[in-house]
Amino acid sequence: MNESVVVIGGGIAGVTSALELANSGLKAYLVEREAAIGGQAASFCCKATDVCAKCSVCLVPQKLKEVTTHPQVSILPSSIVTGVSGEAGNFRVEVWQKPQYVSQEKCIACGLCVEVCPTEPKAIHSPCPEAIPYSYVIDESQCLRLRGEKCNLCREICPTNAIAFGHEPERQELDVGAIIVATGFEVFDAREVGSLGYGRLPNILTGLDLERLFARNGSLELPSNGEKPEKVAFVQCVGSRNENHGYCSQVCCKYAMRFARLIKYQNPDAEVTIFYIDLQTAGKGFAQFYEQCRVSIRFIRGVPVEILEGSSGRLELRFEDISKGKTSRETFDLVVLSVGMVPRKGSWDLARILGINLGDYGFFDTRSPIDSNKTNVDGIFLAGTCQGPKDIPDSIAHGIAAAQKARELLG
């Protein structure tokens with residue numbers, strides 16, 4: 001048995017798995033396709049009011065710092081798995097690493113390169129503030145130099161000589177005893193529901209947009225004019241529980257209520273409404289949290305079918321009010337679409353490389369319905385939302401369980 005493990009995916013579940021393995025004395029290789037680890041959760045915001053919202057976002061930066069300094073963890077950023085051979089206990093994993101034109105060791109994130117970059121959008125940019133390592137990255141599709149044109153502005157102005165365009169892709173083979181897949185999720189593209197206006201009307205946001213807005217500004221402002229909204233609507237189940245996505249994303253009701261309470265806390269005069277089909281209130285203490293929210297937040301069981309911009313610039317939301325059995329209209333300053341979780345687009349390719357199965361909706365499938373970590377291939381385990389929708393605490397717990405099963409396999 002080879003006492004090392006490849007963890008594919010550097011989100012919160014993958015980071016947790018790598019830490020669990022490393023703390024038990026095993027070597028962990030953390031393979032992340034992006035230039036920084038952290039995944040979606042690294043851009044989430046704290047939703048505390050006068051009390052903790054128990055969203056567990058605060059655990060993410062702590063685990064990221066631990067994993068980057070752990071001697072038993074090797075992080076391979078900008079990397080993908082391109083081949084796997086062998087069997088449980090003795091896998092050979094082929095990893096291809098894209099060129100990193102900005103040295104993560106030398107970059108001090110001064111931003112001078114961004115100022116001189118002539119492209120729009122900028123070819124060089126920073127990751128989210130919580131990203132680790134915090135190093136600027138170059139988008140090959142935008143960079144003039146990498147597209148064959150003459151440009152050297154960013155390299156000339158860099159005070160630490162962190163930019164080097166001569167780097168080539170690197171290929172390496174890792175001999176490991178087990179593999180943990182923790183590739184995470186993508187959010188549903190709300191543009192697919194054209195009647196809800198996302199992408200056309202500036203004051204319609206997704207839940208992920210709201211996360212990043214609060215993480216950046218600490219409060220809610222209208223994208224159109226910077227004013228504070230007085231009427232806010234949350235629309236649940238956008239991209240979930242329909243013909244193509246017949247599952248519940250499980251986290252949407254929780255983050256909508258937490259945000260609604262945060263908005264009311266910062267602006268007590270604001271009116272916040274949540275439109276829903278059914279509320280997912282599972283989880284310790286969440287039913288009680290829902291009852292507390294009902295005191296100040298309006299809940300309407302109804303399905304919004306269209307959002308239009310009125311003559312005043314406000315948003316007119318037309319919805320089916322299930323309790324009253326009729327179609328109604330109401331105007332809002334801001335509408336937040338609670339988009340669901342969907343599998344990553346590269347899941348099929350990775351499943352083919354690993355020889356593991358996908359489920360009905362495109363998430364990675366498990367060997368048994370009572371074990372959500374084991375796949376149909378011995379020695380390959382699942383962690384986090386690549387197996388199905390989960391919140392941060394559940395993703396952490398799932399990552400720990402995957403590491404424990406890999407450790408048991410390796411003795």
Side-chain angles (χ1 to χ4, degrees), residues 11-12 34 36 38-48 53 55 57 60 121-122 125-131 184-240 245 249-267 270-276 297 304 306-309 313-317 332-342 344-345 385 389 391-392:
I12 186 59
E34 302 298 334
Q40 300 277 13
S43 63
F44 292 175
C45 71
C46 173
K47 302 166 190 66
C55 64
V57 168
V60 178
K122 298 293 187 180
H125 57 87
S126 63
C128 68
E130 293 78 14
F185 69 97
E186 294 180 7
V187 295
F188 174 76
D189 186 355
R191 293 177 180 84
E192 293 185 23
V193 189
S195 61
L196 297 184
Y198 182 70
R200 293 186 290 107
L201 303 176
N203 292 331
I204 298 179
L205 306 176
T206 65
L208 187 59
D209 294 333
L210 198 61
E211 292 274 8
R212 291 170 176 167
L213 191 152
F214 266 95
R216 183 176 65 250
N217 300 333
S219 61
L220 182 59
E221 298 175 349
L222 290 174
S224 61
N225 56 23
E227 297 180 359
K228 292 188 178 300
E230 296 301 322
K231 288 191 68 177
V232 179
F234 285 83
V235 178
Q236 302 305 105
C237 298
V238 178
S240 296
H245 307 88
S249 288
Q250 299 186 23
V251 302
C252 312
C253 292
K254 296 178 182 179
Y255 77 66
M257 281 189 258
R258 285 169 176 146
F259 267 125
R261 191 182 70 159
L262 179 58
I263 293 168
K264 287 289 293 182
Y265 177 75
Q266 293 186 349
N267 183 9
E271 182 180 311
V272 184
T273 304
I274 296 178
F275 293 90
Y276 70 99
I297 298 164
E306 188 177 28
I307 302 175
L308 302 171
E309 188 172 39
R314 302 183 76 197
L315 300 171
E316 183 178 278
L317 192 151
F332 294 91
D333 300 313
L334 182 78
V335 175
V336 180
L337 307 179
S338 294
V339 288
M341 293 182 177
V342 296
R344 294 193 67 88
K345 292 182 176 64
T385 53
D391 60 11
I392 292 177

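Note that the structure is a prediction, hence the values are computed from the model and not measured.
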query = Could you go step by step and tell me if Phe234 and Tyr276 meet the ring pair (Phe, Tyr, Trp, His ring centres under 6.0 Å) rule?
reply = CA-CA 8 Å; Phe234 285 83; Tyr276 70 99; over 10 Å; no

request  = Could you please spell out the steps behind the side-chain hydrogen bond (donor to acceptor under 3.5 Å, both in side chains) verdict for Ser338 and Gln236?
outcome  = CA-CA 5 Å; Ser338 294; Gln236 302 305 105; 2.7 Å; yes

inquiry  = Working note: Val336 + Thr206, criterion side chain to side chain contact (heavy atoms under 4.5 Å, CB included); need CA distance, chi angles, decisive distance, verdict.
reply    = CA-CA 5 Å; Val336 180; Thr206 65; over 6 Å; no

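When all heavy atoms of Asp209 and Tyr198 are compared, the closest pair comes out as OD2-OH, 2.7 Å. Across Ser224 and Asn203, no two heavy atoms sit closer than the pair OG-ND2, 3.0 Å. Smallest separation of non-hydrogen atoms from Gly340 and Cys252: CA-SG, 4.1 Å. For the residue pair Ala53 and Arg258, the shortest heavy atom distance occurs at O-NE, 3.1 Å. The two atoms that bring Phe275 and Ala233 nearest to each other are CE1-CB, 3.9 Å, heavy atoms only. Scanning all heavy atoms of the two residues, the minimum distance from Pro223 to Leu334 falls at CD-CD1, 4.1 Å.
Annotation: side chain to side chain contact (heavy atoms under 4.5 Å, CB included) contacts of Arg216 (sequence neighbours excluded): Leu213. By the side chain to side chain contact (heavy atoms under 4.5 Å, CB included) test, Glu309 pairs with Leu201, sequence neighbours left out. Listed by chain and residue number, Val238, Pro304, Leu317, Val335, Leu337 satisfy the side chain to side chain contact (heavy atoms under 4.5 Å, CB included) test with Val235 (two or more places apart in sequence, or in another chain).
Side-chain contact between Met341 and Val187: absent, with no pair of heavy atoms (C-beta onward) separated by less than 4.5 Å. Phe332 is not listed as a side-chain neighbour of Arg314, based on a closest heavy-atom distance of 4.5 Å or more. Residues Asp333 and Leu222 are in side-chain contact: their nearest non-hydrogen atoms beyond the backbone lie under 4.5 Å apart. For the pair Ile274/Cys253, no side-chain contact is recorded, criterion being any heavy-atom separation below 4.5 Å from C-beta on. In this structure, Leu220 and Val232 have side chains that are in contact, with non-hydrogen atoms separated by less than 4.5 Å. The shortest side-chain heavy-atom distance between Ile392 and Val60 falls under the 4.5 Å cut-off. Looking at heavy atoms from C-beta onward, Ile204 lies out of side-chain contact with Leu196 at the 4.5 angstrom threshold. Looking at Ile307 and Ser195, their side chains never come closer than 4.5 Å, going by heavy atoms from C-beta outward.
Checking side-chain atoms of Arg200 against main-chain N and O of Gly194 turns up a donor-acceptor pair under 3.5 Å. Under a 3.5 Å cut-off, the side chain of Glu211 and the backbone N or O of Cys45 do form a donor-acceptor pair. Remark: side-chain polar atoms of Asp189 are paired, donor with acceptor, to backbone N or O of Arg191 under 3.5 angstrom. Side-chain atoms of Lys231 never come within 3.5 Å of backbone atoms of Ala270 as a donor-acceptor pair (strictly under, hydrogens ignored).
Geometrically, Lys47 engages Phe259 in a cation-pi contact, judged by NZ or CZ lying under 6.0 Å from the ring centre and within 45° of the ring axis.
Not less than 6.0 angstrom separates the ring centroid of Phe44 from the ring centroid of Tyr255.
The structure places CG of Asp391 at 12.0 Å from OG of Ser249, a figure rounded to the nearest 0.5 Å. A distance of 4.5 Å separates CG of Leu262 from CD of Gln266, quoted to the nearest 0.5 Å. Atom OG of Ser219 is separated from atom CG of Asn267 by 10.0 Å, given to the nearest 0.5 angstrom. The CD atom of Gln250 sits 9.5 Å away from atom OG of Ser240, with the distance rounded to the nearest 0.5 Å.
The pair Glu186-Lys345 meets the salt-bridge criterion, with a side-chain N (NZ, NE, NH1 or NH2) lying under 4.0 Å from an Asp/Glu carboxylate O.
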